[in-house]
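Just so you know, residue 1 is the first one in the sequence shown, and it goes up from there. When a ligand or atom number is given, it counts from 1 through the structure's own listing order.
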Amino acid sequence: MAFSVVMPVFNEGGLIAQTVGALVQALSGERDYEIVLVDDGSRDSTWADISALCAEDPRVRGLRFTRNFGHQAALHAGMQAAVGRAVITMDADGEHPPELVPVLLEKWRSGAKVVQTLRQAPRQLSWLKRRTSGAFYAVFSWLAETRIQAGSADFRLLDREVVTLLAQHPNAAAFLRGFVPWTGFETAYISFEQGIRTMGRSKFTPGKMMALARKGIIGFSVKPLRLSSLLGALTCLIALATLVHTLVIRLAFPAQAEPGWATIASLLALLGGAQLLTMGILGEYIAVMFETLRNQPPFIVAERRGFPTER
Ligand code: UDP
Ligand code: MG
């Protein structure tokens, strides 16, 4: 198998057939490939659509999760099931243009182990989404010492070598956008203008975006822990300075000594805030350790369609 295309699909009934149709069209020059569709617990007609696609075209395969495990888990499952010598991941909603896939393949065939696309956000994309993504990559690059190029999304090609590495480090799959540049493989970049979905709406709620950002940072950087120690040291200094200030006033001008509740109240608030923040950061790391130790599978597959029987 030359290559596999993996798509996570969540409640994209109607749209998925359209996207796969466009992809097959774009790949008309290719012979040896498969399309792996991962239904991430959809509640609409998505699985019926995927089953129909599998029945129509022997190159299409489907996996259905028992419930919604999330976009990264769906990518993980798809890459695990794929057998191509290269694996391309892309969104199922048409925002990642299928016409670009042959260009990714070309770069791969001329030697790149990773081909990463960089999204030029269309004007129609909400202000919030454009700003938050740019700011997040800047913060991430600083904290994690792994640069993520602005506009990187999970639309990329990975050589089998990189896919195998990923399979050996299941934790890495929690935040592919960080892991892929971290591996340091030779990467080709391609800019593209993101398409606009023609149906349905974004399944990435602000909550899901926040969770991804948090997992990305905690999984790739211990700097927040260091920063929280720094914060602790800083608040100690402030506390010390206030103490000296209070003592000086008390000793030098006993008559003018203020009752001082304002100082105490603000110090208490400052110290309390710093402690809680630091504990929160510690908690985030403990949560990740807990999840790793618990060793729960990142997803559970309910059904498979269209896979050759030996797989
Ligand atoms: N998706 C998924 N599980 C989720 C959320 C999204 O598999 O919990 C899929 C979705 O069907 C699409 C891709 O991930 O193929 C990107 O999602 P979406 O288009 O909603 O995000 P956006 O493009 O707005 O970032
Ligand atoms: Mg989308």
Of all N, O or S atoms in D93, identify the one at the shortest distance from the Mg ion (ligand 2). OD2
Is a side-chain donor-acceptor pair under 3.5 Å present for D39 with S42? yes
May I ask you to list the atoms of ligand 1 that are less than 4.0 angstrom from any heavy atom of V9? 7 (O), 11 (O)
In this structure, atom 25 (O) of ligand 1 is nearest to the protein heavy atom K129 NZ, 3.1 Å
So that I can tick it off, tell me whether R85 and D159 are bridged by a salt bridge, with the cut-off set at under 4.0 angstrom between side-chain N and carboxylate O. no
Per-atom contacts of ligand 1 with E95, taking only distances under 4.0 Å to non-hydrogen atoms: 23 (O)
I'd like to know if the side chain of S28 and the backbone of V24 have a donor-acceptor N/O pair within less than 3.5 Å. no
Looking at E193 and R119, does any basic side-chain N land under 4.0 Å from a carboxylate oxygen? no
At under 4.0 Å between heavy atoms, which part of N68 makes contact with ligand 1: side chain, backbone, both or neither? side chain
Confirm or rule out an N/O/S atom of E95, from backbone or side chain, lying less than 2.8 Å from the Mg ion (ligand 2). yes
Check: of P8, G41, S133, min heavy-atom distance to atom 9 (C) of ligand 1 comes from P8
Determine the sole option in F140, W142, F179 for which the ring-ring contact (aromatic ring centres under 6.0 Å, His included) test with F220 is passed. F140
Minimum-distance protein heavy atom relative to atom 19 (O) of ligand 1: D93 OD2, 2.5 Å
Does NZ or CZ of R67 fall inside the cone over F69's six-membered ring, less than 6.0 Å from its centre and within 45° of the axis? yes
Is it true that R197 and D93 have a side-chain N and a carboxylate O under 4.0 angstrom from each other? yes
Could you check atom 16 (C) of ligand 1 against the protein and tell me its nearest heavy-atom contact, residue, atom and distance included? D91 OD2, 3.2 Å
Please write down residue, atom name and distance for the protein heavy atom closest to atom 14 (O) of ligand 1. H71 CD2, 3.0 Å
Charged N to carboxylate O under 4.0 angstrom, E56 versus R305? no
To which protein heavy atom is atom 1 (N) of ligand 1 closest, and what is the distance rounded to 0.1 Å? F10 CB, 3.6 Å
If you measure every N/O of D40 against every N/O of ligand 1, is any gap under 3.5 Å? yes
Atoms in ligand 1 flagged as close to R197, the criterion being non-hydrogen separation under 4.0 Å: 18 (P), 19 (O), 20 (O)
Please check: side-chain N/O of T187 versus main-chain N/O of V115, any donor-acceptor pairing under 3.5 Å? no
Assess whether atom CZ of R294 is packed by more than 12 heavy atoms of other residues, nucleotides or ligands within 6.0 Å. yes
Which pair of heavy atoms, one from I281 and one from S228, lies closest together, and at what distance? CD1-CB, 3.9 Å
Contacting atoms of ligand 1, where contact means under 4.0 angstrom from a heavy atom of A92: 15 (O)
Report the nearest protein non-hydrogen atom to atom 24 (O) of ligand 1: residue, atom name, distance rounded to 0.1 Å. S202 OG, 2.5 Å
Out of K208, M7, M209, K203, whose heavy atom sits nearest atom 8 (O) of ligand 1? K208
Would you mind running through ligand 1 and noting each atom that sits below 4.0 Å from a heavy atom of F204? 17 (O), 20 (O), 21 (O)
Write out the residue and atom name of the closest protein heavy atom to atom 10 (C) of ligand 1, then the distance separating them to 0.1 Å. E12 OE2, 3.4 Å
